[in-house]
Undergrad: 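Provided herewith is a single structure, encoded as structure tokens, for subsequent inquiry.
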There are 2 protein chains.
Amino acid sequence: MKHSLETYKFFFGALANPNRLQIINILRQGKKNVGEICVVTGFEQTMVSHNLKVLEYHGMVFMEKDGKYRYYAVNKKTIKPLLEFIDAHMEEYCCKLLEEQHERKK
Amino acid sequence: MKHSLETYKFFFGALANPNRLQIINILRQGKKNVGEICVVTGFEQTMVSHNLKVLEYHGMVFMEKDGKYRYYAVNKKTIKPLLEFIDAHMEEYCCKLLEEQHERKK
DNA sequence: TCATTACATGACACAAATATCATGTGTTAT
DNA sequence: ATAACACATGATATTTGTGTCATGTAATGA
């Protein structure tokens, strides 16, 4: 642990939100501007902007301006292996139980 | 993403807490029972138990009973590479800015 | 058997995070 | 110049997460 506990907290906190995770997941298919993300997700523009800011702050997405549009791209170098790693962890240690419980809540 | 957004949310949420991170960090030195964790951290027993439960639920620590004691061990196979990976990410994408800002809050 | 120790669990008040609402800024088009 | 569009930012109410308090359970020892 090279950093402060608070720093790790904020890093993981940035990923501990289903809407941000959905945005990340959508951006994995390729860069999109804010409006496009809204259309695909059905989220409001302000919410998307707020959440993109959090993700950008933690280096999980990158922004690129193009006229009045702002294109966001996921940090594949981090996100891809991170998600794969966690999938592997879940396969081994977490359980169907977990998935089932969350499904039942809906 | 093989699992639901909620599942990832809870996984990352389990790590998005400085007290749990401190417990994890302490357990990296070796397994400890609840009382020992309390002494080292200065945390209350109930808080430690609650947080250990969250960590155990997500496969980040393992429990082993020994009489009236319960020894907890960190899941090194997951935690060690995960933290190393995130350290590397922060080195590259996140910044001193981040650390500084959090320091200033104190 | 009955304390005592070690830890877990449930309920709840407080603190933090979140989405939404209102508004602001920069860019393009007319 | 100004209207329309794309997006960001600030404030706030509400949800969610957290630690603490009170209590419960299992194991050990006297």
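Here the structure is a predicted model, which means the values were calculated and not measured. Numbers restart at 1 for each chain; the letters A, B, ... are given by sequence-line order, proteins then strands.
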Undergrad: Rounded to whole angstroms, how far apart are CG on A:Leu55 and P on D:dC7?
TA: 16 Å

Undergrad: Could you tell me the separation between the CD atom of B:Glu6 and the P atom of D:dT15, rounded to a whole number of Å?
TA: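 That distance rounds to 16 Å.
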
Undergrad: Contact class for B:Tyr72 vs. all strands (heavy atom < 4.0 Å): base, sugar-phosphate, or nothing?
TA: sugar-phosphate

Undergrad: If you link I, L, V, M, F, W and Y whenever their side-chain heavy atoms are under 4.5 Å apart, who else ends up in the same group as B:Ile26?
TA: B:Val40

Undergrad: Give the rounded distance in Å between these two atoms: OH of A:Tyr57 and P of D:dT9.
TA: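 So the OH-P distance, A:Tyr57 to D:dT9, works out to 13 Å.
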
Undergrad: Run the ring-ring contact (aromatic ring centres under 6.0 Å, His included) test against A:Tyr69 and tell me which residues pass, sequence neighbours left out.
TA: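 In terms of ring-ring contact (aromatic ring centres under 6.0 Å, His included), with neighbours along the sequence ignored, A:Tyr69 is linked to no residue.
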
Undergrad: Could you tell me which non-hydrogen atom of B:Asn75 sits nearest to which non-hydrogen atom of B:Gly59, and how far apart they are?
TA: ND2-O, 2.8 Å

Undergrad: Which sits closer to the 5' end of DNA chain C, A:Gly67 or B:Lys53, going by the nucleotide each is nearest to?
TA: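 Counting from the 5' end, the first nearest nucleotide belongs to B:Lys53.
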
Undergrad: Indicate for each nucleotide in nucleotides 16-26 of chain D, in 5' to 3' sequence, whether protein heavy atoms under 4.0 Å reach the base (B), only the sugar-phosphate (S), or nothing (-).
TA: -SSSBBB----

Undergrad: Under the salt bridge (Lys or Arg N to Asp or Glu O under 4.0 Å) rule, collect the residues that match up with B:Lys31, sequence neighbours excluded.
TA: B:Glu64

Undergrad: Restricting to pairs with a member in residues 32-61 of chain A, which pass salt bridge (Lys or Arg N to Asp or Glu O under 4.0 Å), not counting sequence neighbours?
TA: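 Passing the test, one end in residues 32-61 of chain A: no pairs.
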
Undergrad: To the nearest Å, give me how far apart CG (B:Asp66) and C1' (C:dT5) are.
TA: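 After rounding, the reported distance stands at 14 Å.
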
Undergrad: Can you name the salt bridge (Lys or Arg N to Asp or Glu O under 4.0 Å) partners of B:Glu92, sequence neighbours left out?
TA: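 Result, salt bridge (Lys or Arg N to Asp or Glu O under 4.0 Å) vs B:Glu92: A:Lys77.
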
Undergrad: Enumerate, atom names and distances included, each donor-acceptor pair closer than 3.5 Å involving a side-chain atom of residues 81-88 of chain B, sequence neighbours excluded.
TA:
residue	atom	partner	partner atom	Å
B:Glu84	OE2	B:Lys80	NZ	3.1
B:Asp87	OD1	A:Tyr8	OH	2.4
B:Asp87	OD2	A:Tyr8	OH	3.4

Undergrad: With sequence neighbours excluded, what pairs up with B:His50 under the ring-ring contact (aromatic ring centres under 6.0 Å, His included) test?
TA: none

Undergrad: What are the residues of residues 24-37 of chain B, sorted by number, that bring a heavy atom to within less than 4.0 Å of DNA chain C?
TA: B:Asn33, B:Val34, B:Gly35

Undergrad: Starting from P on D:dC7, measure out to CG on A:Leu52 and report it in whole angstrom.
TA: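 Answer to the nearest Å: 10 Å.
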
